[in-house]
Amino acid sequence: MSDASTLRPVRASTIAQWDHQADVVVAGYGIAGVCAAIEAARTGAEVLILERTGGWGGAAAMAGGFIYLGGGTPLQRALGFEDTPENMETFLLAALGPGVDKAKIADYCRGSVEHYNWLVACGVPFREAFWGEPGWEPPHDEGLMYSGGENAAPFNAIAKPAPRGHVPQFADKKIGRKSGGYMLMKPLAETAESLGVRVEYDLRITRLVVDDDERVVGVLARRYGTEVAIRAERGIVLATGSFAYHQQMIEGYAPRLIGRPAAAIEEHDGIGIRVAQALGADLAHMDATEVAFFGDPQLMARGILVNGRGQRFIAEDTYPGRIGQAALIQQENQAFLVIDEASYEAGLATETATPFFRQPPTWAAETVAELEHDMGLPTLALQATVDCYNLHAGDGIDPLLGKKPEWVRPLRGPLAAFDMRGFTAGFTLGGLRTDLDSRVLHVSGAPIAGLFAAGRCTSGLCAGGYVSGASLGDGSFYGRRAGIAAAKN
């Protein structure tokens, strides 16, 4: 970690020579950066992207590729799903809080259809096919899926369920290496380069440069130990990702993720946040985290999830990221999946995009009492839970947690249990506070002149809850806003 003195902004008057210069300089060539570059270039601005690795993509190119869009996109309508911006907003306000930026969510929902059309116009492909099974992502190239628990309790009683997980079409996926995120980034990178956007690779930003009026006019970076000075005539856009791999920031802001970063690349070290902080930038929701749960959704929906006291704590058919957050934050990372033999075999017979989550059970027993003993739970703890569940499941209902009737059936006969304690990992959601034009805000509330940001280095739509596609969604949406505002600055 750089000490505070090496993060402080530098006066432009001390720069003897600028090594590169452009109207708009974008730090980071992931989803937020590429969208900023495209929009800035389309205004006629000269754009330069600084990328610390050797190629485009960032975390976005390795992601499953969900872009959270709704309000009646052409893909939703083509597949027979009704949605409105107001309905989408109602869901997101309930699912992403507490403390969400209501203006940002309203803005995003009202611009969602236009954003979908913009992505398509840039060459991002979406196949008109719906994947309706539980899962982390579609196992094939289907373009639409529920990706946030919209059709599960409690949200299906708050807003009309509509799938909003839009996935770029891509065959022969390699989960975690080359999935839908690659086919999101590839056409966008090609669009940027067709517009004349320049790129300098292997450059890691270190400090911002300001003029005598405190306006951001450039950035310092390092390449193989050599300092490089880059001038921005109109504005700097920070699109450098989260702080998931910065140990001190994790310890200070999101300690539940200590030792368990995931779904991000190691370059997510919070540098964009820190250089802006050194200029007085405000932060928001730094404790907010997405939490993955390493379980198979087809099996979880058919069984019951219990905590370290043998009690159910969430509807098992909901978005698995919501399960992960509940397990880590509310249940001290204690979780077990209990399932009977018939349900286990039914789950294994389904398709999944994550077959590596289907591991043999930890325990198996003929009765709940035996299973309870083998799991080390207090006598009658699990038995009481199963008895209560079965009592209502016999009528096809789950009055405690609201699991949908299609997944509710009594647990009978031989059972198995999976030890899922510690099966969580995630990435950070908090960051720089920005306005609807992606201007970075000072702690005073005023915009910092010449400084813009988008993506996971900012506090976007999520304030605590999460839906798959929110990061690529608000990163691309507000990346566009950052590019337009910087070019017009």
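As the structure is a prediction and not an experimental result, all values here were calculated from the model.
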More than 12 heavy atoms of other residues, nucleotides or ligands under 6.0 Å from CD of Gln247: yes or no?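 Result for CD/Gln247: open.
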In terms of heavy-atom contacts, does NE2 of His373 have more than 12 from other residues, nucleotides or ligands at under 6.0 Å?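 No, not enclosed.
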Only counting residues at least two apart or in another chain, list the ones meeting salt bridge (Lys or Arg N to Asp or Glu O under 4.0 Å) with Arg322.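 Expected list: none.
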Please enumerate all residues that pass salt bridge (Lys or Arg N to Asp or Glu O under 4.0 Å) together with Glu89, with sequence neighbours excluded.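 Counting only residues at least two positions away or on another chain, Glu89 forms a salt bridge (Lys or Arg N to Asp or Glu O under 4.0 Å) with Arg110.
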As an exercise, state the distance from [atom1] of [X] to [atom2] of [Y], rounded to the nearest 0.5 Å.
X: Cys35; Y: Phe477; atom1: SG; atom2: CZ; result: 11.0 Å
X: Gln169; Y: His140; atom1: CD; atom2: NE2; result: 12.5 Å
X: Arg8; Y: Leu208; atom1: CZ; atom2: CG; result: 14.0 Å
X: Leu441; Y: Leu432; atom1: CG; atom2: CG; result: 9.5 Å
X: Leu119; Y: Phe126; atom1: CG; atom2: CZ; result: 5.5 Å
X: Met420; Y: Met300; atom1: CE; atom2: CE; result: 5.5 Å

Start with the C-alpha gap between Gln334 and Asn307, add the side-chain angles, then the distance that decides, and say whether side-chain hydrogen bond (donor to acceptor under 3.5 Å, both in side chains) holds. CA-CA 5 Å; Gln334 304 287 299; Asn307 59 20; over 6 Å; no
Tell me, do [X] and [Y] make a side-chain contact under 4.5 Å, heavy atoms counted?
X: Leu257; Y: Leu328; value: yes
X: Tyr344; Y: Leu337; value: no
X: Lys186; Y: Phe170; value: no
X: Pro138; Y: Phe66; value: yes
X: Arg207; Y: Leu279; value: no
X: Tyr466; Y: Gln325; value: yes
X: His166; Y: Thr73; value: yes
X: Ile31; Y: Leu188; value: yes

Show me the pairs that pass side chain to side chain donor-acceptor pair (under 3.5 Å) and involve [range], at least two apart or across chains.
range: residues 436-445; answer: Asp435-Arg439, His442-Ser444
range: residues 361-372; answer: Glu372-Gln383
range: residues 90-105; answer: Lys104-Thr434

Salt bridge (Lys or Arg N to Asp or Glu O under 4.0 Å) partner of Asp398, chosen from Arg312, Lys403, Lys404: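 The passing option is Arg312.
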All pairs passing salt bridge (Lys or Arg N to Asp or Glu O under 4.0 Å) where residues 72-88 contributes a residue, at least two apart: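 Listed once each, the pairs are Glu82-Lys160, Asp83-Arg164.
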Check step by step if side-chain hydrogen bond (donor to acceptor under 3.5 Å, both in side chains) holds for Thr350 and Arg358. CA-CA 11 Å; Thr350 63; Arg358 293 184 172 177; 2.7 Å; yes
Sidechain-backbone polar pair: [X] side chain, [Y] backbone, donor-acceptor under 3.5 Å:
X: Gln359; Y: Phe356; answer: yes
X: Arg260; Y: Gly422; answer: yes
X: Thr53; Y: Gly55; answer: yes
X: Glu142; Y: Arg127; answer: no
X: Arg480; Y: Ser476; answer: no

How far apart are the C-alpha atoms of Thr206 and Arg222, what are their side-chain angles, what is the distance that settles it, and do they pass the side-chain hydrogen bond (donor to acceptor under 3.5 Å, both in side chains) test? CA-CA 7 Å; Thr206 57; Arg222 298 193 74 81; over 6 Å; no
For side chain to side chain contact (heavy atoms under 4.5 Å, CB included), just list the numbers for Leu96 and His285, CA-CA rounded to whole Å, side-chain angles, deciding distance to a tenth of an Å, and then say yes or no. CA-CA 11 Å; Leu96 301 186; His285 304 299; over 6 Å; no
Determine whether Leu75 and Tyr116 satisfy the following criterion, side chain to side chain contact (heavy atoms under 4.5 Å, CB included), listing intermediate values before the conclusion. CA-CA 9 Å; Leu75 185 61; Tyr116 172 89; 3.5 Å; yes
Quick one: closest heavy-atom pair of [X] and [Y], and the distance?
X: Gly310; Y: Thr385; value: O-OG1, 2.5 Å
X: Ala463; Y: Gly97; value: CB-CA, 4.5 Å
X: Val440; Y: Ala453; value: CG2-CB, 3.6 Å
X: Ala417; Y: Leu371; value: CB-CD1, 3.8 Å
X: Ile158; Y: Pro154; value: CG1-O, 3.5 Å

If you take the centroid of each ring, where Trp contributes its six-membered ring, are Phe427 and His268 closer together than 6.0 Å?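 Ring centres of Phe427 and His268 not closer than 6.0 Å.
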Before we go on, tell me: are the rings of Phe81 and Phe130 under 6.0 Å apart, centre to centre?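 They qualify: ring centres under 6.0 Å apart.
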Please test His115 against Leu69 for side chain to side chain contact (heavy atoms under 4.5 Å, CB included), starting from the C-alpha separation and ending with a verdict. CA-CA 8 Å; His115 188 50; Leu69 299 167; 3.8 Å; yes
Could you tell me how the ring of Tyr253 sits relative to the ring of Phe243: parallel (under 30°), tilted (30 to 60°) or perpendicular (over 60°)?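 Perpendicular.
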Students often mix this up, so state it plainly: with edges at 30° and 60°, are the rings of Tyr319 and Trp136 parallel, tilted or perpendicular?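 Rings of Tyr319 and Trp136: perpendicular, as their planes differ by over 60°.
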Within the 3.5 Å criterion, strictly below it, is a donor on Asp340 or Ser343 matched to an acceptor on the partner's side chain?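 On atom types as modelled, these side chains qualify, holding a pair under 3.5 Å.
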Could you walk me through whether Val100 and Leu92 pass the side chain to side chain contact (heavy atoms under 4.5 Å, CB included) check? CA-CA 9 Å; Val100 293; Leu92 289 179; over 6 Å; no
